[in-house]
Amino acid sequence: MALTTLYVELLSFACLLAAIHGVNGRAVNQFPEDFLLGAATASYQIEGAWNEDGKGENIWDHMLHEHPEYGNNGENGDVACDSYHKYAEDVQALKDLGAKVYRFSISWSRILPTGDLDVINQAGIDYYNNLINLLLENGIEPMVTMYHWDLPQALQYLGGWPNPILADYFLEYARVLFDNFGDRVKWWLTFNEPYTFTRGYASSGSQAPSQNAPGIGDYLAAHTVIRAHGMVYRLYDEQYRPTQNGKISITLNCDWFEPYNDLEETLEAQERMFQFQLGLYANPIYVDGDYPAVVRERVDNNSRAEGRPRSRLPSFTEEEKRMINGSADFFGLNSYTTMLVISAALGHSPSMDLDCGVLRIINFTWPSSSAIWLKVVPWGFRNIVNWVSSRYPNYPIFIAENGYADTGELDDEGRISYYGQYLAELLKAINEDGANVIGYTAWSLLDNFEWNSGYSQKFGIYQVDFDSTERTRTPKASTSFLANIYRNMSVPEEYFQ
Ligand code: GBH
């Protein structure tokens, strides 16, 4: 046998081994032993009981009551899945799924109806205590999101997130959560998807609180949120970690942005898109305490050209930078799909879109879901996990959301195919590419209130009957598919072919 042939054969044998065993001796379709698999929800999307037992009004209650036309057919979260009364059924569903972790959010105004400490609503504290205790009795770890978009309306009357004082209110709220739940909750997320909810200060008619101040309100809100996150991290680190010993982070959303072509300016646009969406938050927290240079430069330049005396993007003090830099124990990532990107001048002046200068294109040749924005692109998921892993090294990644939308059928083949393919790509990132990923919570445990799309888009692993006052939960085909993956800690090999 010629030497070259031997070499080729050895190489293909090595590849075969790598395919079976990955880079670390584990089969490529196998999750690491201590990997946390579970499911996620959010308070406004599932709880209902919007004005029961002392809960205060939040910005989603307020917006959809005042402007039902901003929702889908006037739908809102007044009742939703009624999880305020049916949480025991949710825990049973998690148990049947074999979830090791349940990511849910706490409704700020259910605990603090005015957003401040003048009223502490014991019924709200009792509700979350009951949920947390029942989870632990069933061997499921609670992961708590402190803020999944439902700001107490009383704080919106002060201007909401663009008002820097909100960071102080958030800090006091966080202290109440650590004091009441921190003995049992070991996984904390301060904010869910600030990139998404700060849109609520950049336009009207979609995200609450529907304040139309593009290119100004969104940056001011982001600035307060990043400061608030850093402050809560330091509070936990200094005053609670020594006794409670949990982990705390934030979860940021970013899809994969695939360059439309390989022109240099398109690759630069791809990089800008990542920096304006993810880097805006991740750079201060995971890199150096400050905004990405490309964001700083473009917003400063545009602000100057507009004749403003200051940049629309505020600056951190040196002390704030030190406080924010490194304020996370892991990297929370929500990711669903892939979009094509190309350099373009677009958007309102001023706006973040114009500052960023990138057009995102939904590729309609890719397989679809029932949500127009959500195309099924499994390879993009591997790419974004690897991108985060290489840009923000030294932080383990927790996938806090990933999932598929359909119209709610029990025989949900599309969801099975989505999870099979996306989890296979996640495993390739872990076992072949070496990404350090520690957990995954599927979005969502239940069909629920999908914001502006109301009850028309279903993300649930369990179906919820919204026509019945019982809000009956029924397993779908994907329930047992995922339960098998969760039990075996592995994805069927057919998804790797
Ligand atoms: C997450 O957002 C949220 O955290 C979660 O609450 C939500 O239920 C889940 O995803 C599913 O959507 O309507 O075409 O204008 C994901 C990021 C940003 C994706 C807003 C949808 C609206 C697109 N989302 N986007 S469109």
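For clarity, every value in this text was computed on a predicted model and none was experimentally measured. Just follow the structure's listing: the first ligand is 1, and inside any ligand the first atom is 1.
Partners of Tyr404 by ring-ring contact (aromatic ring centres under 6.0 Å, His included), not counting sequence neighbours, listed by chain and number: Tyr418. Taking His85 as the reference, nothing meets the ring-ring contact (aromatic ring centres under 6.0 Å, His included) condition, with sequence neighbours excluded.
Between Tyr173 and the options Trp108, Tyr147, Phe178, a ring-ring contact (aromatic ring centres under 6.0 Å, His included) holds for only Trp108.
The backbone N or O of Leu166 sits nowhere less than 3.5 Å from a side-chain atom of Asn163 that would complete a donor-acceptor pair.
One finds a salt bridge joining Arg473 and Asp90 here, because a Lys/Arg side-chain nitrogen approaches an Asp/Glu carboxylate oxygen to under 4.0 Å.
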Just the distances, no angles: every ligand 1 N or O to protein N or O pair closer than 3.5 Å, one line each.
unit_1   : atom_1 : unit_2 : atom_2 : d
ligand 1 : 2 (O)  : Glu193 : OE1    : 2.8
ligand 1 : 2 (O)  : Glu193 : OE2    : 3.2
ligand 1 : 4 (O)  : His148 : NE2    : 3.3
ligand 1 : 4 (O)  : Asn192 : ND2    : 2.9
ligand 1 : 4 (O)  : Glu193 : OE2    : 3.3
ligand 1 : 4 (O)  : Glu401 : OE1    : 3.0
ligand 1 : 4 (O)  : Glu401 : OE2    : 2.9
ligand 1 : 6 (O)  : Gln45  : OE1    : 2.8
ligand 1 : 6 (O)  : His148 : NE2    : 2.9
ligand 1 : 6 (O)  : Trp451 : NE1    : 2.9
ligand 1 : 8 (O)  : Gln45  : NE2    : 2.9
ligand 1 : 8 (O)  : Trp443 : NE1    : 3.1
ligand 1 : 8 (O)  : Glu450 : OE1    : 2.6
ligand 1 : 10 (O) : Tyr336 : OH     : 3.2
ligand 1 : 10 (O) : Glu401 : OE1    : 3.3
ligand 1 : 12 (O) : Glu450 : OE2    : 2.6

Would you give me the side-chain donor-acceptor pairs under 3.5 Å for residues 202-217, sequence neighbours excluded?
unit_1 : atom_1 : unit_2 : atom_2 : d
Ser210 : OG     : Gly205 : N      : 2.9
Gln211 : NE2    : Pro209 : O      : 3.1

